[in-house]
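What you see below is based on every heavy atom in this structure, not just the backbone, and it leaves out hydrogens, waters and symmetry mates. Throughout, protein chains are lettered first and strands after them, A, B, ... in sequence-line order, and every chain is numbered starting at 1.
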Amino acid sequence: GERNYSWFSSSDFYSSLGLEDFPSVGDISGTEEDTESAILYGTLRGSVVGLRYYTGIVNNNEMVALQREPNNPYDKNAVRVNNVNGDQVGHIKKELAAALAGIMDSKLAVVEGVVPYGAKNVFTMPVQMSFWGREENREAVVDQLKKHGFKLAPPLKGKFGSKWISGRAGPSYSAPVHAAVQLTTEQLKSEFDKLFEDLKEDDKTCEMEGAETVGTLLLPHQKQALAWMVSRENSNDLPPFWEERSNFYYNILTNFAEEKRPENVRGGILADDMGLGKTLTTIALILTNFQDGKPLPVERITNDNPECCKLLRLSEWLQGTIRFLNFYFALNVQSVEKKYSDDGPRATLIVCPLSVLSNWIDQFEQHIHQDFNVNIYVYYGSDRSKDPSVLSEQDIVLTTYNILATDYGMRGDSPLHRVKWLRIVLDEGHTIRNPNAQQTKAALNLEGHRRWVLTGTPIQNSVKDLWSLISFLKLKPFTDREWWHRTIQRPVTMGTAGGLGRLQSLIRSITLRRTKTSKVKGKPVLELPERKVLIQHVTLTEEERQVYQSVKEEGKAAISRFFSEGTVLAHYADILGVLLRLRQLCCHPHLCVNTSSSFSADNKTPEELHETLVNKMKLVLSSGSDEECAVCLESLTVPVITRCAHVFCKPCIFEVIRSEQPNAKCPLCRNGLRVEHLVECPLEEEIDSSNGKKSDQEWISSSKINALMHALIELRRDSPNAKCLVVSQFTTFLSLIENPLKESGFAFTRLDGSMAQKKRVEAIQCFQSSQAGSPTVMLLSLKAGGVGLNLTAASRVFLMDPAWNPAAEDQCFDRCHRLGQKHDVVITKFIVKDSVEENMMKIQNKKRELAAGAFATKKPSASEVKQTKINEIKALIDL
DNA sequence: ACCGCCGGGTGCC
DNA sequence: ACCGCCGGGTGCC
């Protein structure tokens, strides 16, 4: 049910159309083995030579990595052999290297090695090689080998029993087994769910009080989390899969051994559900565990030292961006510097998405005891300090993934990367799930021993997503993708026996996860009131229906044409536009007056073309299709639009163009791409394409507004004190609703993305107030505010229009259905009968099913993906 | 002897 | 490397 669903959040418009799986999208990274379709061609015995020249040692049955060395001065075919630690063991004998070089360079196969025996040899040792690749390359690989006089031994089938299938380096020149029975999606999923059952492990149920600097009382589950985090930071346990043997340490997955004790990560993944207080727990950790369980030393503000004032923090919000300036009194700076100058690192770095930056600031203000002076620096904005020592002197530095990536981009001069941090916290850590994204590389290269990932959804789509997180945590040997892939990812995705078990023990040892339904001492973590979702159908008036039908027929005709021309993807923005207009018409006829349809972009001046593109981009961004870049799968931060009207992150699409030059193609539709054709658009917090000039139009009602007003008035009659949220994706619609609210004498307030921070805070405080005469209605735009937004005063929600992404709706509902809610929450969704809205609901449901089965092993084929996508567009517009 | 055979020097790519 | 290979020394029985 719900708890598992929240682990997966693939859902967005792209996935509903199957676009994120569009074959060409995956080609971008290129180098990586395609896990889903890689098979084992066979094995080959070869030899490693030149052992005496290198220091790298191996054990019998230890995995080794084969690495091309094209610049070797003696042989351009050279292939070096490294042990798990990355130390060179030797080279592949030259005749064999000559055969491998071509195969490896052209990426026809991935070649993996295991040294079966002879590890103690002085001059040469045998190596058992496995060749993995896609079926269509098998013949080419076999031919290539044959040319050099080598022949693959067929992969051994599962007849050797589970020990061989386990994927260990094992006694196995028996390669593990593509013939192993694959688990069904359902089996995999239920296996995976077990990861988080049975959390009564002792080390996770101890409680710990926060230091006195923590100004808020922690709930029991937060005290548990604090105790767990502190113990993770202070303990010296071995990392998972390592054993202490007589005088060395042994990795049971790769059979690698070393004398040096492998360091365990002083951190882990806090994967609690949203709303359980990951932020508060992290603040408590920072304040409570500075060194050896001692609290962070901070200035106490007392009557004796009035001149040592609390830092004056001045926050200033400009156009949705944040300037956060710290003013120090000279005295203060000195005393702070003196106190810590001879210690090691003391600053904690917190990286978060921009959307939750303000939430962190709020939470600091709320949870750091007011009598204490904690130095917090918000490293954001163009005036951020380039001096690393300014950062290292802080207690806490807060920044965003984008700043992190931008700074890292200007090589060598990133202050964030020059500081040795006491602790690094990645909030919404799944942000770095794409190993090729700049922000991931930037995060992996931060320095600091205590490393934490906060996320409610560590796995977005597949096990693959975990690698970046594990690598960030610096867990040996997984920091290198090859070992992660060979020991965990491939066994899991191939359903190899023991694979899931390994993943399980790995995750368990570094993760704490509680859901809203988890229990502490027999009691639910959070005792939340019930939450009910009602669907209220709305029937359009005759007049409304007529307008709707005519727009629908026009759009349908256009889309049919795209289908027959085979240009569906090229007209992506146009199709979204048609659907958007239909969705707007379901709400109110005035919403879509301004979006004229222009299906032809030909014969335009560059200026007109530019404007058309910007408009298309705004359309894509505002259509609720969940602004996500198809390259990195992240939310768009610096969106650019291509001439073919597809929107990507600027750095992502630049990377595509750079790597594919000179003939780069759009990842979505394979049209030509050129840097000079890309159009940039500043991402405002909220873009509403329909912000037409309603002032010169006479106000009229609509069926949906009538339905809403009817419900509101009924609610006021039955429970006059009940407060409610009226939610829409269209801020113009919210404006239209203001009218009848005033007429019927409702006190209301409003919160949308375009409002300045100060006004937001006012609106929220005003609405949350229980004073007589305080507003009972809040007009809320669906995506306004970060995850932290707390609107628990409301116990009713009216969702005026459905979102593409059910998760976006859920997140919105959670703003009132969260800690502090005292009443049952009733949510009413208004859905127009026989309309695109009903179709969207169907797709939402499909999406929930899809998310539930997101652990699928089998990737649908390109044609299946295409068919699904086409079916869904057809379903949306009743084609 | 434009060979065989011996035994020392030597050794990845 | 307790190998192979190289190339110099050597040469009936």
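Going from the C1' atom of dT10(C) to that of dC5(B) covers 9 Å, rounded to whole Å. Comparing dC12(B) with dC3(C), their C1' atoms are spaced 16 Å from each other, to the whole Å. The separation of dC6(B) from dA1(B), taken at their C1' atoms, amounts to 15 Å, rounded to a whole angstrom.
Judged by Watson-Crick or G-U wobble contacts below 3.5 Å, the nucleotide dC13(C) has no partner. When both distances must be under 3.5 Å, the Watson-Crick or G-U wobble mate of dC2(B) does not exist.
A distance below 6.0 Å separates the ring centres of His91(A) and Tyr54(A).
Annotation for Tyr74(A): atom OH does not count as buried by contact number, only 12 or fewer foreign heavy atoms lying within 6.0 Å. The environment of NZ in Lys76(A) is sparse: at most 12 heavy-atom neighbours from other residues, nucleotides or ligands sit within 6.0 Å. Atom CD of Glu139(A) sits in a sparse spot, with 12 or fewer heavy atoms from other residues, nucleotides or ligands closer than 6.0 Å.
Atom-to-atom, CD of Glu95(A) to C1' of dC12(B) comes out at 11 Å; the value is rounded to the nearest Å. Note: NZ (Lys120(A)) to P (dA1(C)) measures 16 Å, nearest angstrom. Atom C1' of nucleotide dC3(C) and atom CE of Met125(A) are separated by 17 Å, given to the nearest angstrom. As a whole-Å value, the separation of Arg68(A) CZ from dC13(B) P is 14 Å. For the pair Leu100(A) CG and dC12(B) P, the interatomic distance rounds to 19 Å; values are reported in whole Å. Counting to the nearest Å, the P atom of dC12(B) and the CD atom of Glu69(A) are 14 Å from each other. For Leu96(A) and dC13(B), the CG to P distance is 11 Å, given to the nearest whole Å. Whole-Å rounding puts the Tyr53(A) OH to dT10(B) P distance at 12 Å.
The aromatic rings of Tyr408(A) and His417(A) sit tilted, their planes meeting at an angle between 30° and 60°.
If you check every strand for non-hydrogen atoms under 4.0 Å, Arg52(A) touches a base. At a threshold of 4.0 angstrom between heavy atoms, the contacts of Ile92(A) are confined to the sugar-phosphate backbone, with no base atom among them.
Aromatic stacking is not marked for Tyr74(A) over dC12(B), as the cut-offs of 5.5 Å for the centres and 30° for the planes do not both hold. Ring stacking holds between Phe123(A) and dA1(C), with the centres under 5.5 Å apart and the planes within 30 degrees of each other.
Closest to the side chain of Asp75(A), out of dG11(B), dA1(C), dC13(B), is dC13(B).
Between the side chains of Gln128(A) and Thr43(A), at least one donor-acceptor pair of N or O atoms lies under 3.5 Å.
The cationic group of Lys650(A) lies under 6.0 Å from the six-membered ring centre of Phe654(A) and within 45° of the ring axis, placing it in a cation-pi geometry.
The side chain of Lys94(A) places an N or O atom within less than 4.0 Å of a non-bridging phosphate oxygen (OP1 or OP2) of dC13(B).
Shown for residues 81-88 of chain A: no residue has heavy atoms falling under 4.0 angstrom of DNA chain B.
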Between Leu426(A) and Ile350(A), is a side chain to side chain contact (heavy atoms under 4.5 Å, CB included) present by the stated rule, with each step listed?
-> CA-CA 6 Å; Leu426(A) 302 185; Ile350(A) 299 171; over 6 Å; no
